[in-house]
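Every chain is numbered from 1 and lettered A, B, ... according to where its sequence line falls, protein lines coming before strand lines. All heavy atoms count here, side chains included; hydrogens, waters and symmetry mates do not.
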Amino acid sequence: MQYAQIILPLNLKGSFTYKVPDELIPDIQLGMRVLVPFGGKKIYTGIVFDLHDNAPENFVAKEVISLLDDSPIMPPEQIDFWNWLSEYYLCGLGEIYRFAFPSSLKLESETYLKLKPNIQVDFENLDVNEMYLIQALEVRQLINLTDIEAFIAKKDIIKTINSLIDLQYIEIDEKIAEKYRAKEVAYVKINEEVLSNQNLTEILLKLNKAPKQKDLFLLILEMQTEKPDVPIKKAVLFEDGFFGSSHFKSLADKNLVEEYYMQKDRIESYEGEIEEIEELSEEQKSAKLEIDEAFEENKNVLLHGVTSSGKTHIYLEKIEECISNGKNVLFLLPEIALTKQITQRLEKKYGRHLGFYHQKLTDFERVEVWRRIKQNDIKILVGTKNALFLPYQNLGLIIVDEEHDSAYRPREITPHFNAKDSALILGGFYGAGVILGSATPSVESYFRARKDKMKYIFLNERFGNVKLPEYELINLKEAQDSKKVSGNFSLRLIEEIKKTIDEKNQAIILHNRRGYSNVLECESCGYVNYCSNCDVVMTYHKAANEMKCHYCGQRASRPRTCPKCHSENLNEKGVGVEQIHEEVSKLFPDKEVDRMDVDSMRKKFAYEKLYEKIEDRETDIVVGTQMISKGLDFDHIELVAIPKADSLLYVQDFRAEERAYQLITQVSGRAGRVSGNGKILIQTFNPDHSVFQLIKMNNIPKIYKYFLTERQKFHYPPFTKLIMIELKHRRVDKVNRASQFLGSILRKYLPEECVLGPEKSQIARINNFYQFQILLKLPRGKNYEKFKAMVLLSLNEFDEITAYQSIKKDVFVDF
DNA sequence: AGCACGCCGACT
DNA sequence: GTCGGCGTGCTC
């Protein structure tokens, strides 16, 4: 095996061929990290993806510089997984690598060099550059590649290093090269001499002049005698602000106490008690048995359980079973922030064998989890989509909770993959069972499960037989006609809210639009405030008193007069959540009304604070965007109101109705969790709309049947497979031409009815980039692979055109 | 993705 | 006369 295919952290297609130097041949293995030169001077950490003996024909392969791992950092299952991802989602391996690895595990030219110990350098036979480098190393011991540029020409650096490595004079210092350092934590203890001398009284007498120091000394002494085995964290002493570090320092100066350091995992592990789980209900028990059966047949499971049906209970049971069989569990969530409950329960049960992995961790924390996973120290990992890429050793179960959530398929992240579908594939590679769970499964998953591709399990009762909430539709048109409205609220709705809070219960009001008003419009000349970077109107945020663009984030102050005609008739159109909040506060002036949306939750701990406020029942009404549909499991919420439900439906997206259904159902699940008297009020101008009617009936099979019929009628997934290609460029004419061209190539290979567009994206310009899109509707089944090969062919043909290389191209498979 | 090379406008 | 803008081409 003389050649290796290496993946580099670059947005380039495929992998690169490198020669494996003879001395590395015995040690190199698939899934190891290696250091390789690339382009004139750069050095990258690559991944060994294949080993073979086929010498490249069109170029001379460079050599691998060194191995960074003793054993593969990536298990074979992950290699298969990456291959699948790149083929299925038409994305580069480099993109996957960039996304999957924490940056400290893929260092670039920051790598350090050092002299080998005890060497005799034969300066006679060195060239100038080599001499410079050796001399520099003699002075500085360690030197990184960027520093070398100061005295050796860029193009000669690699050559010089290689030659010195060949001569066995220098080596790559991996310990330093690894950016990651385990964090040291300060601990304190009473100086041992003090303890052995037994002259405590004397010491305390001396300390009488410094009462704070004396108290601190006594505190440490007490902690240490009570639990001699538990080390005392230094930080703990200063927690309540009673002692300061100066007090400790004085004690240390008197040699009474000392501090010492220990390596500590950055991620705090739970050290409290471990809780047992409650027994399952009959319905849950039978669901669990069905899961067992499905797994025996190597089938994955869609667990469709109405809100509060206790899906979590079943998860916990399966997790426990899996772990006691010596296997590990991956628990995926759409976003980690809103998952307090499940985390708490798992923490109580699995303590330090529980790990977390999500976008909010620092790079060091990520590496820590990588290590622990690799050492098989974590039995259950709770994480978001990027947790799919950890180097699991023996995964036995993957749970994808809230599987319908669109956070599993975020548009912003490259590579564009769907974490839910990928989890099913990853489970396959590991031979692990996968459970998709949701109260409102995606239409696609439902279809798949009903088609017997997955096992479908339905939990129809709330745990403890609590009744499901009751739905009521309020006809806003009628209310308006009979003058029974106040602003956006019908009198009926106001009455119900009043009743709820008068009974000391809490109400939730959902309005899924940020800001105060959607548009600021001039009544005199019709001027509308557009974002200067994007083709969207700017939203008025009253709380911050500014205009915001929700696409590029640009902010501007609110114009006082119309910039065009200077009239003062600027009117706010399109109701936002801030306005609803303001209205509710005015309707119930003596009640506590809080707002919950991304704008009000931006401050640190804002979410936690509001959470506690609701929990302590200080809040009477919470007004919020879709954020309130997640994680707010409180006992005293009895009412959910959706004053402008129609706005949920009027979105240009074939999934709009499905989303509306999911959002309404999810937020409804917050009501009457304990009492069973939950009530949902939906205000609409179209009470006869099928979606509202079906929600009111609460006939779940019928709802999904409706969705599926609609999808079939208009040839949308799951009956077809969609691929969306988006092209972006600063110049309209250029993207326009490019997308016309790509469209024509696609039409050459695909049937006419499969190619829609190109056309301007819904938002024609974001951040000064004009965007066009082409939508491909491909048949599913056997032919799909054939068609997709044609798409790939077209894309490659397009890439050949050099003039279009500056065009940004995004491909969304399963859009 | 980065980086070098190369060709045209505003500056000491 | 040069600095620096970004269009184009290439990387195992």
Query raised in the report: Between A:Glu130 and A:Asp127, is there a donor-acceptor pair closer than 3.5 Å when you use the side chain of the first and the backbone of the second?
Result: yes
Query raised in the report: Rounded to whole angstroms, how far apart are OH on A:Tyr3 and C1' on C:dC12?
Result: 11 Å
**Report entry** Gap between atoms OH and C1', on A:Tyr44 and C:dT11 respectively (whole Å)
**Finding:** 9 Å
Requested in this report: Can you tell me the distance, in whole Å, between the CZ atom of A:Phe38 and the C1' atom of C:dT11?
Outcome: 4 Å
Query - side chain to side chain donor-acceptor pair (under 3.5 Å) partners for A:Gln805, two or more places apart - result: none
Query raised in the report: Does A:Lys721 make a cation-pi contact with A:Tyr784 (under 6.0 Å, within 45 degrees of the axis)?
Result: yes
Query raised in the report: Charged N to carboxylate O under 4.0 angstrom, A:Glu797 versus A:Lys748?
Result: yes
Report task. Indicate yes or no: does A:Glu63 engage A:Lys19 in a salt bridge with an N to O separation below 4.0 Å. Result -> no
Query raised in the report: Can you say whether the rings of A:Tyr88 and A:Trp84 are parallel (under 30°), tilted (30 to 60°) or perpendicular (over 60°)?
Result: parallel
Report task. Find out whether the Lys NZ or Arg CZ of A:Arg411 is both under 6.0 angstrom from the six-membered ring centre of A:Phe812 and within 45° of the ring's axis. Result -> yes
Query raised in the report: How about A:Phe389 and A:Phe81: are their ring centres within less than 6.0 Å of each other?
Result: yes
Query raised in the report: Which nucleotides of nucleotides 5-10 of chain C have their base under 4.0 Å from a protein heavy atom (B), which only their sugar-phosphate (S), and which neither (-), written as one string 5' to 3'?
Result: ---SS-
Query raised in the report: What integer distance in Å separates A:Ile43:CD1 from C:dC12:P?
Result: 12 Å
Query raised in the report: Tell me: CG of A:Asn58 to P of C:dC12, nearest whole Å?
Result: 14 Å
**Report entry** Interface with DNA chain C, restricted to residues 10-19 of chain A and to heavy atoms under 4.0 Å
**Finding:** A:Leu12, A:Phe16, A:Thr17, A:Tyr18
